[in-house]
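Notes follow once the structure below has been shown.
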Amino acid sequence: MRLRHAYLGLALLGTIIPYWQAGPWLLEHGLDLPLFCRELFASRIGAFFALDVIVSAVVLFVFILSEGRRAAVPRLWLPVAATIAVGVSLGFPLFLYLRQREFEKSGAQRPR
């Protein structure tokens with residue numbers, strides 16, 4: 001199995017696993033963002049995880065833009081949009097997939 005296939009599989013898991021929990025909530029409440037934020041920050045531990053993911057997403061955006069330009073990865077908007085729509089669990093492996101695919105197309109070695 002190629003590394004890019006592993007990244008693609010992880011991106012799929014990174015979509016399915018979070019939405020396994022978010023799906024029923026969205027079906028019940030719809031896209032009620034005020035309620036979503038109230039419930040997300042209802043406890044200190046929830047706020048801890050929420051803020052950790054938000055900071056991780058910002059770091060990921062910086063990484064996508066800097067590393068993506070350096071490696072000439074096309075469609076950098078795609079992992080950014082995926083991170084906003086699902087989370088770091090999709091955006092990060094999707095970016096790694098796109099980058100690895102570009103490395104394999106160009107015959108370049110991946111960085112060590």
Please set out all donor-acceptor pairs under 3.5 angstrom arising from side-chain atoms of residues 17-24, sequence neighbours excluded.
residue: Tyr19; atom: OH; partner: Ala85; partner atom: O; Å: 2.7

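A side chain to side chain contact (heavy atoms under 4.5 Å, CB included) with Leu94 is found for exactly one of Leu10, Thr83, Leu78, Val80, namely Leu78. Just one of Glu102, Gln100, Glu104 meets the side-chain hydrogen bond (donor to acceptor under 3.5 Å, both in side chains) condition when paired with Arg4; it is Glu104.
With hydrophobic clusters built from ILVMFWY side chains whose heavy atoms lie under 4.5 angstrom apart, Val86 does not share a cluster with Val59. The hydrophobic cluster containing Phe63 also contains Val73, counting ILVMFWY residues as joined when their side-chain heavy atoms lie under 4.5 angstrom apart, directly or transitively. Following chains of ILVMFWY side-chain contacts shorter than 4.5 Å, one cannot reach Phe41 starting from Val58, and the two form parts of different hydrophobic clusters. Val62 and Leu98 are assigned to two separate hydrophobic clusters, defined by single-linkage of ILVMFWY side chains at heavy-atom distances under 4.5 Å. When the side chains of ILVMFWY residues are joined at heavy-atom separations under 4.5 Å, either directly or via intervening members, Ile64 and Trp77 end up in a single hydrophobic cluster.
Counting heavy atoms from C-beta on, the side chains of Phe103 and Lys105 never come closer than 4.5 Å. At least one side-chain heavy atom of Leu76 sits less than 4.5 Å from a side-chain heavy atom of Phe95. A 4.5 Å side-chain heavy-atom check between Phe61 and Ile84 finds at least one atom pair inside the cut-off. Put simply, the side chain of Leu26 does not reach to within 4.5 Å of the side chain of Phe36, judged on heavy atoms.
The side chain to side chain donor-acceptor pair (under 3.5 Å) pairs that include a residue from residues 30-51 are Trp25-Glu39, where partners are two or more places apart or lie in different chains. The side chain to side chain donor-acceptor pair (under 3.5 Å) analysis of residues 49-66, with sequence neighbours excluded, yields no pairs.
One distance of note links CG of Leu8 with CG of Leu96; it measures 11.5 Å at 0.5 Å rounding. To the nearest 0.5 angstrom, Leu3 atom CG is 9.0 Å from Arg99 atom CZ.
Other residues, nucleotides and ligands contribute at most 12 non-hydrogen atoms within 6.0 Å of the CZ atom of Phe49.
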